[in-house]
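Down below is the structure, laid out as structure tokens.
Both backbone and side-chain heavy atoms feed into the values below; hydrogens, waters and symmetry mates do not. Lettering of chains follows the sequences in order, A, B, ..., and the numbering in each one begins at 1.
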Number of protein chains: 2
Amino acid sequence: MVSQVRSFNRTVTERAGALNETFLSRGRPLGQARLLWEIGQNGSDIRLLRARLDLDSGYVSRLLRSLENDGLAVVERSRADGRVRTARLTARGMAERKVLDRLSDDAAAALLGPLSDRQRTRLVTAMAEVERLLTASAIQVGVADPREPSARACMRAYFAELSRRFDGGFDPDRSISADDEELSPPAGLLLLATLHGEPVGIGALRFQHDRPPDIKRMWVAAAARGLGLGRRLLADLEARAAGHGARVVRLETNRALAEAIGLYRSAGYREVPAFNEEPYAHHWFEKDLELPGSGAEVADPVGRARLPPA
Amino acid sequence: MVSQVRSFNRTVTERAGALNETFLSRGRPLGQARLLWEIGQNGSDIRLLRARLDLDSGYVSRLLRSLENDGLAVVERSRADGRVRTARLTARGMAERKVLDRLSDDAAAALLGPLSDRQRTRLVTAMAEVERLLTASAIQVGVADPREPSARACMRAYFAELSRRFDGGFDPDRSISADDEELSPPAGLLLLATLHGEPVGIGALRFQHDRPPDIKRMWVAAAARGLGLGRRLLADLEARAAGHGARVVRLETNRALAEAIGLYRSAGYREVPAFNEEPYAHHWFEKDLELPGSGAEVADPVGRARLPPA
DNA sequence: TTCATTCTCTGACTATAGTCAGACAATCAG
DNA sequence: CTGATTGTCTGACTATAGTCAGAGAATGAA
């Protein structure tokens, strides 16, 4: 598997990657071209450009100066904040950007050109699959403080979705509590999933005395669905519960959340009688955990240990 | 389709391409690292390195000097030819190369790490498909002089394969002739397919007075099979025959060449009674060509015209 | 108001990647 | 043997990409 991945990297960076660099810089240094592209049609604050391209502030400043000298962009101060400066493309800059766009299309078309219709369809399908799975693998999952802004944002999105989907809406105050304290160690924990720094999912565990831990707040952003993230969060939570000594985990859910219920069932949860008085729940589930230390359930970000020997 | 390709390029070159560059240069300039890698375990002539990496001779010389100064490689004159110099890795150089190899494995494994077993299998399968099809699209097909060395090499390989596969072998002199003259314009033409400059297939057309043109010398190198190259060569030959005014093309083949026969049938050829006395043939085929100018059959290396509007 | 912070810019650097012309030695074709 | 060619190296360049320290203006917090 690893060798297939390496071979893929070689082929693809040669074929697809090299292209990008070559034509993006039409006479112009690559850095300038990238910046020109990134400014986009509606302009952009310089600090955003810096963040997106991960470049030094002095360097960006100089690149912008050269774009200005070539008459491709103008830089002016932002009206909202006098410290911030905003770059905008001139008409010539826009035209140049269109050319790049066109060249990019041509390069992509040239890749498809020599293939038959059937091959094209297969290529595009396989590309979409690779892209989807590489995106899935780029998602990072880790313990987070429920008070930090991205966790808060997920929580808000989660509640908003519940009140949209539940019959009669959702009011967090009527639901069984799970406040920041309860979702932070040692009382519990919150897993946050991020993609390129953006929060795209959460899942929480609440430990209880003399009772199995509860799984709470399972949520995946719409943009990150179909990537197996729900299953990954669930498995990670189970592993952490097991690592904490739990033999069983439980959760409750609402009948409106059909895909979640499907996930729980397919992950080995069985429905049990109500074990609490959660007013929004229609189903209660329970799963027996494997003993930790078997290795199979332990989260392993690099994954070497889980790979077959070859 | 084009936008999917572009999206793929963006995602994948970010994820796979960037990796390569980052870890290959561990403290060392990327150029040196690439050279170190390319020298390989058994050493390599400098001129080969230059050709493979497409670098300036002075530049390579300097890079080698720095590898020598770091004690990673030695350069000595070739025993076969005093002008040529050969680079070889020292023990330290080998060790360094092993580290790069290991890091490359790790990077690939890290890509697979966060995925489930099922996702990994799907990813690797899709990667293989993308790679295969990108390789197919990297093959260039064009008219070549049958006298040029790569065409000769294909012809030799073709005859060798025939004599290996035919019952009782194959002797070109007993077969109906198709000499260099007959396969060069205006009497005929030879299509040569190359992948990264290496010849990987041929196909020829021989025009005849008052008779439909013959398709001859259809051959695809073992390394390039399964890429749809045979079908592509055949379609290209048909298009050129049609462009030449032919309404029909014909060909004959030996029963040992089962996959070729399958290709002809599926490409719309129908078996006809023997139209010549080729001693090695068991099957004779014929196909009606569409009129040229419909666009569908015209070879179009860039392919824009054949793509759907969006 | 004051002080710390944020955002951008300038000046002064460095390293990498690469090009080009010419020198020199070995080899090959005639 | 001669002259052309091939392969390598050196010297002298250039451009790109990027880093770092500090200055100065605008803003926000106390």
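Whole-Å rounding puts the A:Glu76 CD to C:dC7 C1' distance at 16 Å. The distance from atom CG of A:Asp81 to atom C1' of C:dT8 is 11 Å, rounded to the nearest whole Å. For the pair B:Leu53 CG and C:dT19 P, the interatomic distance rounds to 13 Å; values are reported in whole Å. Per the geometry, CG belonging to A:Leu63 stands 9 Å off P belonging to D:dG18, to the nearest Å. Distance, A:Asp45 CG to D:dA26 P: 17 Å, rounded to whole Å. Rounded to a whole Å, the CZ atom of A:Arg28 is 15 Å from the C1' atom of D:dA15. Straight-line distance from the CD1 atom of B:Ile46 to the P atom of C:dA26: 15 Å, rounded to whole Å. Rounded to an integer number of Å, the gap from B:Arg47 CZ to D:dT6 C1' is 9 Å.
Between A:Asp105 and B:Arg6 there is a salt bridge, with a side-chain nitrogen of the basic residue lying less than 4.0 Å from a carboxylate oxygen of the acidic one. Looking at B:Arg97 and B:Asp101, no side-chain N of the basic residue comes within less than 4.0 Å of a carboxylate O on the acidic one, giving no salt bridge. Between B:Asp45 and B:Arg50 there is no salt bridge, since no side-chain nitrogen of the basic residue lies less than 4.0 Å from a carboxylate oxygen of the acidic one.
In terms of position on DNA chain D, the residue among A:Gly58 and B:Thr86 whose nearest nucleotide sits closer to the 5' end is B:Thr86. Checking B:Ser61 against A:Asp54, the closest nucleotide of DNA chain D that is more toward the 5' end is the one next to B:Ser61.
Looking at A:Gln140 and A:Thr194, their side chains never bring a donor and an acceptor atom within 3.5 Å of each other.
Proximity note for A:Arg83 (side chain, C-beta onward) versus C:dT6, C:dT8, D:dT10: the nearest is C:dT6. Looking at the side chain of B:Ser57, the nearest of the listed nucleotides C:dT6, D:dT8, D:dT10 is D:dT8. The listed nucleotides are D:dT8, C:dT19, C:dT8; the one nearest the side chain of B:Tyr59 is C:dT19. For A:Pro29, counting side-chain heavy atoms from C-beta on, the closest listed nucleotide (D:dC9, D:dT19, D:dA17) is D:dA17. Distances were taken from every side-chain heavy atom of B:Arg34 (C-beta onward) to each of D:dT27, D:dG7, C:dG18; the shortest belongs to C:dG18. You'll find that the side chain of B:Asp56 is closest to C:dT19, out of C:dT19, C:dA26, D:dG7. Of all nucleotides listed (D:dG18, C:dC7, C:dA26), C:dC7 comes nearest to the side chain of A:Val84.
Remark: the A:Arg62 side chain and the C:dG11 base include a donor-acceptor N/O pair separated by less than 3.5 Å.
One finds a side-chain N or O of A:Arg85 lying less than 4.0 angstrom from the OP1 or OP2 phosphate oxygen of C:dC9. Taking only side-chain nitrogens and oxygens, A:Arg77 comes nearer than 4.0 Å to OP1 or OP2 of D:dA26.
Shown here is B:Glu148, whose CD atom has more than 12 heavy atoms of other residues, nucleotides or ligands within 6.0 Å.
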